Structures are given as C-alpha cells and as structure tokens.
Amino acid sequence: MATENQSGPSGRAFSGIQPTGTIHLGNYLGAIKNWVDFQDTTDGIYCVVDLHAFSVPREPGEVGAATLEAARDLLAIGIDPERSILFVQSDVRQHTELAWFMQCSAAFGELRRMTQFKDKSESNDFVSAALFTYPALQAADILLYDTDVVPVGDDQRQHVEFTRDVAQRFNATYGDVLVVPEHYIPPAGARIMDLQHPENKMSKSAVSELGTIFFTDSESDIIKKLKKAVTDNDGEVRFDPESKPGVSNLLNVLAVAKGTDPVSEAEGYSQYGPLKADAAEAVLEIVRPIQKRRQELDDGDVRAILADGADRARAKATEVMDRVRGAVQLL
Ligand code: TRP
C-alpha cells in the first residue's frame, strides 16, 4: 500500500510518458517533478511509452528517435538510474501481453467514456482501434510492476481510475493477483496553463509557440514568453483562476517552481511586470541545470542506461506476468 508520510509516498512508484516531442514546463511541473522528488521515498520505475505513441499515425523511425530524446530529457531532469529504473516500454514484451488480458477485463462502455479518447478521436482523421484500447495498455504498464502509486498530471486521473477498476475486476475473477494502485496528483501545478490561452492546458501542440515553455528554449525565449504571457486589464495581482486565469497561471508557475503556494506569492506583487520577471527567473533556475546535463549526455550513455533499465524492468514484469498466466490457468 502507498502510505503518505511527511516526505511523500512510499512503496513502488510507476509512471510513463509518451515520446512525442520535447518535454515542456507543463509536463515537468504537472507530473515529472514528482517522479524526481519521489526517488527519495519510493522505489521508482519510469517508462518511455513508445508503443502508446503508435496509436496515432507515425512515420517509420519517428517514434524511435523521439524515444531517445525523451529518455535524455528524463535523465537530464533528474531521473537517477542508480535509484530508479528508466526503460522503454517496447523492450519489455510483457506490456503487450498483459494489455490483452486488460482489454478482456475492460468494458467497451467504460473505454468509450475516456475523455482522452474522445478528444483524440475528434482531432485525428484516422481513429485507430488502439486509440480506443490505449487505457488497457496503460493499465498493463502500471500493473506489471505491483505499483502502489502512480504520479501523473491531472489529465491522467481517469486512466488511473480505469486501471484500478480493471485490476479489481480481474482480481474478482482470478484471485488476488494484481496490486490496485493509487494515483498521486500534485495539489497545485498539476495544471499549468498555456501562457497565451490560459483556459487551455500548456501542451506541446499549442496553437502559438509562445504559449508553451520547452526545456530546449533559449534563455531569451523563456524570458520573452513570460513577458508576453496574457494577463488582464484590472491590474491587480490576485490568485483567482476563475476570473483571472492568466495572472493566476503566472502565480502558479512561480509558486510551483519555488515550492511555495500561489496565494501567498500574490501578496508580494502589486504589478504584473515584476511577477512576470520573477516567474521567468524561477523557471530559468530550473531550466539551466537541466539544459547543461542534457548536453553532457551522449547517445551511447542514454542507450546503455535504457538497456540496463530494460533488464531490471523485465525481471519484475516476468514475475508478475507469470503470476497472471498462472492465475488464469492457461494450459
Ligand atoms: N497516457 C499517459 C499520458 O498520455 C502516458 C502513460 C502511458 C502513462 N502509460 C502510463 C502514465 C502509465 C502513467 C502510467 O501522459
């Protein structure tokens, strides 16, 4: 069981990220920062979920190249291969094998209700069957490692709930086989919003490049993006996401970056300019060391870490998959 003490949850933590472009501030503050922090108290397994990326059309080689970059990002951000396992989903074949059993335990109706499916099926011309069964593969990812806690951004809450439901349904039929995980969603910062359209989540596919801060952005771009962030006309610095979404987002960025809270940050400002400048400085303090580490990691190092991670992940996944095979009593 995941238990929370003052320093955070304990037990096994598992999470995953799709290799679809460079990591941005929203991913980092919304979820990945917790992966790094949790390394002090949990036994962490972190996965670049390359197979999930094929649920929408891809060119040959595109996902592979992005997988290496995502792994490099995670290492630069602070996933420490000495303390955690970092690996690529397709290197451990048990993921697709368990995904089949998860599809068999998932109800059509429950998959149809997934908001990520609804959004993605509307925005893609070709809607693959995999886009629909995507949460079953995600459930397999999590359940293969006897995971206690899944640190994710707020948008993944529904998928983790789904994982719990299918695990419980599987257990009801086949015995106490799968560990039922809990999600961990950070209280603030889970939703860092787009700097130009603060009603939308910060995302890599934003309408305007100015809305998203990427870890690969230069210092001057980061300062520019925060300077141009959309605010409002009443000139008052106050944390009120409903009526002041832009300003509240800036306060949130500042607070999460510094590990404080947005309401008390607001007390320190009477104008938008200084708030933007301080938010930029707080972001740069995070970004600078990450960019430096990113440059120091060559392809060979990253590949070696992933190969070792796959070996360690496979050992655990094999154990759980064997348990599942035994429980369903294949011939
Ligand atoms: N669906 C997640 C996302 O889009 C990625 C993901 C796949 C994941 N498998 C996972 C996250 C397992 C947590 C645990 O961000």
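Whatever order the structure lists them in is the order used to number ligands and atoms, beginning at 1. Values below: every heavy atom of this structure, side chains too, minus hydrogens, waters and symmetry copies. These figures come from a predicted structure and were not determined experimentally.
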Could you give the N/O to N/O pairs under 3.5 Å linking ligand 1 and the protein, each with its distance?
unit_1	atom_1	unit_2	atom_2	d
ligand 1	1 (N)	Tyr134	OH	2.7
ligand 1	1 (N)	Gln138	OE1	2.9
ligand 1	1 (N)	Gln156	OE1	3.0
ligand 1	4 (O)	Tyr134	OH	3.1
ligand 1	4 (O)	Gln156	NE2	3.3
ligand 1	9 (N)	Asp141	OD2	2.7

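Side chain to side chain, Thr212 and Lys204 fail the donor-acceptor criterion of an N or O pair below 3.5 Å.
Applying the side chain to side chain donor-acceptor pair (under 3.5 Å) test to every pair with at least one member in residues 168-180, sequence neighbours left out, gives these pairs: Glu110-Arg169.
A continuous path of ILVMFWY side-chain contacts below 4.5 Å connects Val177 to Leu98, so both sit in one hydrophobic cluster.
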Would you mind writing out the side-chain donor-acceptor pairs for residues 62-72 within the sub-3.5 Å range, not counting sequence neighbours?
unit_1	atom_1	unit_2	atom_2	d
Glu62	OE1	Glu59	N	2.7
Glu62	OE2	Arg58	NH1	3.3
Thr67	OG1	Val63	O	2.7
Glu69	OE1	Arg72	NE	3.1
Glu69	OE1	Arg294	NH2	2.9
Glu69	OE2	Arg72	NH2	3.0
Arg72	NH1	Leu297	O	2.7
Arg72	NH1	Asp299	OD1	3.3
Arg72	NH2	Asp299	OD1	2.6

> Given Leu25 and Met202, is the side chain to side chain contact (heavy atoms under 4.5 Å, CB included) satisfied, shown in steps?
Replying inline: CA-CA 8 Å; Leu25 191 71; Met202 186 176 283; 4.0 Å; yes
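The salt bridge (charged side-chain N to carboxylate O under 4.0 Å, His left out) search around Arg312 returns Asp308, not counting sequence neighbours.
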